[in-house]
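Working notes, structure below.
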Amino acid sequence: MTVKIGVIGTGAIGSDHARRINQVLSGGKITALHDFYPASAESTKTRFAADAEIFASGEELINSPSVDAVLVTTTGATHEAYVLAAIAAGKPCFCEKPLATTAAAAKRIVAAEIAGGQRLVQVGFMRRYDEGYVALKQAVQTQTGAPIMVHAAHRNPTVPTSYNTPMAIHDTLIHEIDVFRWLLDDDYVSAMVTFPRRAARSHAQLRDPQIVTLKTAKGVVINTEIFVNCHYGYDIQCEVVGEDGIAKLPDPMAVSMRLAAKLQSPILTDWKDRFVASYDVELQDFLRAAARGTASGPTAWDGYMAAIASDACVTAQENEGQAIAINCPPRPALYA
Ligand code: NAD
Ligand code: ISE
């Protein structure tokens with residue numbers, strides 16, 4: 001079966017997902033596109049989806065018989081309405097991270113999915129599909145002994161001036177919030193934020209960098225540096241310290257060169273390249289499940305748990321140095 005896919009939001013990642021569904025993966029075809037800016041949808045159609053129809057609204061796209069499943073790749077704050085509409089239509093929905101920018105909105109999505117009685121939502125937490133994180137998880141489960149601490153860094157070379165301080169949490173750190181919950185099989189109990197001096201390239205609306213400390217129910221302390229104007233590259237680092245040893249996330253494969261009296265190897269600069277294989281695997285997983293009318297991978301519940309922690313981190317940004325409590329509700333049967 002070929003799953004007919006509609007994409008809402010054809011910016012950086014929406015157009016890239018359209019490309020991979022039509023040119024790389026199997027079992028799906030882009031039949032419908034919508035973007036707030038029609039020129040963006042037109043451009044995606046021209047480049048990657050010649051046969052797709054362009055819809056005037058996301059809701060029309062979702063309810064069209066030419067669409068079996070939906071990709072929501074608009075900006076975070078607009079995800080909720082489209083995901084709820086996809087659930088109401090009974091159509092599988094891949095929603096890019098964050099599921100929602102507040103826990104209240106994510107909770108409404110979870111409530112709608114539970115009311116419908118079946119899983120339809122997959123959240124775009126692609127790191128769970130990354131070879132490096134999968135290997136790291138296996139090392140933590142079998143070799144390091146029980147985890148005690150995690151040291152991590154999430155560095156982007158640059159972000160636009162529209163990117164503000166809370167986005168460092170719900171747009172950027174949200175990846176670590178989810179992946180560490182998955183990696184450690186643990187939930188969070190508190191969050192704290194510390195700001196070093198503001199880096200020179202920080203924008204007016206952004207305090208960059210920052211260090212977020214999350215504590216888990218099992219007592220693991222996770223320190224993550226978020227530095228989104230770090231200039232030198234796109235760099236994702238993570239080291240888990242356990243009872244018996246330390247496991248480190250592998251760097252992407254790169255040739256090491258001895259050249260001009262220097263030992264050097266390149267560092268990537270774009271998230272699209274760093275996680276290219278994981279995006280492929282997560283969306284192939286989505287297509288496979290959507291063909292059966294359901295969803296797989298990271299759940300709306302995972303998106304909600306991440307949003308609860310993300311809200312606490314934003315509060316922690318506003319109360320530097322204070323530990324903000326995180327209270328996770330019990331997991332409903334649908335997500336067991
Ligand atoms: P972008 O700004 O490049 O694209 C967003 C697109 O959505 C734009 O074309 C915009 O016109 C459109 N849009 C905004 N609001 C809309 C609305 N209400 N209805 C219809 N269209 C609307 O942003 P992006 O970088 O592609 O990010 C999109 C989403 O993907 C965000 O949630 C972001 O966090 C996520 N993302 C995930 C990853 C990842 O690594 N998984 C990487 C980048 C972005
Ligand atoms: C972006 O939206 C992503 O999801 C990238 O993976 C992340 O590194 C970046 O900070 C976000 O803005």
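Keep in mind the model is a prediction, meaning the values are calculated, not measured. Whatever order the structure lists ligands and atoms in, that order sets their numbers, starting from 1.
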Nitrogen or oxygen of Pro98 less than 3.5 angstrom from that of ligand 1: no

Over 12 foreign heavy atoms within 6.0 Å of OH, Tyr37: no

Expected output: side-chain Glu113 to main-chain Val121 donor-acceptor under 3.5 Å: yes

Criterion salt bridge (Lys or Arg N to Asp or Glu O under 4.0 Å) on Glu176 and Arg127, from CA distance to verdict: CA-CA 9 Å; Glu176 276 76 16; Arg127 288 192 188 182; 2.8 Å; yes

Atom indices of ligand 2 within 4.0 angstrom of Tyr234 heavy atoms, with elements: 5 (C), 6 (O), 7 (C), 8 (O)

Nearest non-hydrogen partners of Ile21 and Lys29, listed with the distance: CG2-N, 4.0 Å

4.0 Å heavy-atom contact, Lys272 with ligand 1: no

Closest approach of any protein heavy atom to atom 7 (C) of ligand 2, naming residue and atom: His154 NE2, 3.4 Å

Pair Arg181 + Asp187: basic N to acidic O under 4.0 Å: yes

4.0 Å heavy-atom contact, Gly76 with ligand 1: yes

Partner of Asp280 by salt bridge (charged side-chain N to carboxylate O under 4.0 Å, His left out), out of Lys272, Arg20, Arg19: Arg20

Distance filter under 4.0 Å to His175 heavy atoms, resulting ligand 2 atoms: 3 (C), 4 (O), 5 (C), 6 (O)

Criterion side-chain contact (heavy atoms from CB on, under 4.5 Å) against Leu183, the qualifying member of Val240, Asp178, Ile222, Val134: Val240

For ligand 2, the portion of Met167 having any non-hydrogen atom under 4.0 Å away: neither

Residue and atom name of the nearest protein heavy atom (relative to atom 37 (C) of ligand 1), distance in Å to one decimal: Glu96 OE1, 3.1 Å

Distance filter under 4.0 Å to His175 heavy atoms, resulting ligand 1 atoms: 39 (C), 40 (O), 41 (N)

Per-atom contacts of ligand 1 with Met126, taking only distances under 4.0 Å to non-hydrogen atoms: 40 (O), 41 (N)

For Asp171, atoms of ligand 1 separated by under 4.0 Å from a heavy atom: 33 (C), 34 (O)

Nearest protein heavy atom with distance in Å, relative to atom 10 (O) of ligand 2: Thr172 OG1, 2.7 Å

His34 neighbourhood, listing ligand 1 atoms whose heavy-atom distance to it stays under 4.0 Å: 20 (C)

Neighbour count >12 (heavy atoms, 6.0 Å) for atom CD, Glu60: yes

Protein contact of atom 12 (O) of ligand 2 - nearest heavy atom, named by residue and atom, plus distance: Asp171 OD2, 2.6 Å

Atom 21 (N) of ligand 1 - nearest protein heavy atom and its distance: Phe36 N, 3.1 Å

Over 12 non-hydrogen atoms of neighbours within 6.0 angstrom of NZ in Lys137: yes

Atom 31 (C) of ligand 1 - nearest protein heavy atom and its distance: Thr74 O, 3.5 Å

Proximal atoms of ligand 2 relative to Lys97 (non-hydrogen, under 4.0 Å): 1 (C), 2 (O), 3 (C), 4 (O)

Phe125 touching ligand 1 at heavy-atom level, < 4.0 angstrom: no

Quiz item: cation-pi between Arg274 and Tyr234, 6.0 Å / 45°: no

For the student: nearest non-hydrogen atoms of Ser256 and Ser265, plus distance: CA-CB, 3.9 Å

Shortest non-hydrogen contact between Gly132 and Leu249, atoms and distance: C-CD1, 3.6 Å

Ala12 N/O under 3.5 Å from ligand 1 N/O: yes

Trp271 touching ligand 1 at heavy-atom level, < 4.0 angstrom: yes

Flag, side chain of Arg119 to backbone of Ser296, donor-acceptor distance under 3.5 Å: yes

Atom indices of ligand 1, in the order listed, that fall short of 4.0 Å to a heavy atom of Thr75: 14 (C), 15 (N)

Subset of ligand 1 atoms that lie under 4.0 Å from at least one heavy atom of Ser40: 9 (O)

Residue His79 vicinity, atoms of ligand 1 by number, heavy atom under 4.0 Å: 32 (O)

Protein residue, atom and distance nearest to atom 17 (C) of ligand 1, heavy-atom basis: Tyr82 OH, 3.5 Å

Heavy-atom pair of closest approach, residues Pro98 and Thr101: CG-CG2, 4.0 Å

Ligand-residue contact atoms, ligand 1 with Tyr37, heavy atoms, under 4.0 Å: 11 (O)

For ligand 1, the portion of Ile13 having any non-hydrogen atom under 4.0 Å away: both

Nearest atoms (heavy-atom pairs only) where Lys45 meets Ala52: NZ-O, 2.7 Å

Atom 4 (O) of ligand 1 [closest protein heavy-atom partner, distance rounded to 0.1 Å]: Gly11 CA, 3.2 Å

Contact bool for atom 23 (O) of ligand 1 (protein heavy atom, d < 4.0 Å): no

Side-chain donor or acceptor of Gln284 paired with backbone N/O of Ser26 under 3.5 Å: yes

Protein heavy atom at shortest distance from atom 40 (O) of ligand 1: Tyr279 OH, 2.6 Å

Backbone N/O of Thr213 and side chain of Asn223: donor-acceptor pair under 3.5 Å: no

Protein contact of atom 12 (C) of ligand 1 - nearest heavy atom, named by residue and atom, plus distance: Asp35 OD2, 3.1 Å

N/O donor-acceptor pair under 3.5 Å between His203 side chain and Asn164 backbone: no

Under-4.0 Å heavy-atom contact with ligand 2, by part of Asn156 that carries it: side chain

Heavy-atom nearest neighbour in the protein, as seen from atom 35 (C) of ligand 1, with distance rounded to 0.1 Å: Lys97 O, 3.4 Å

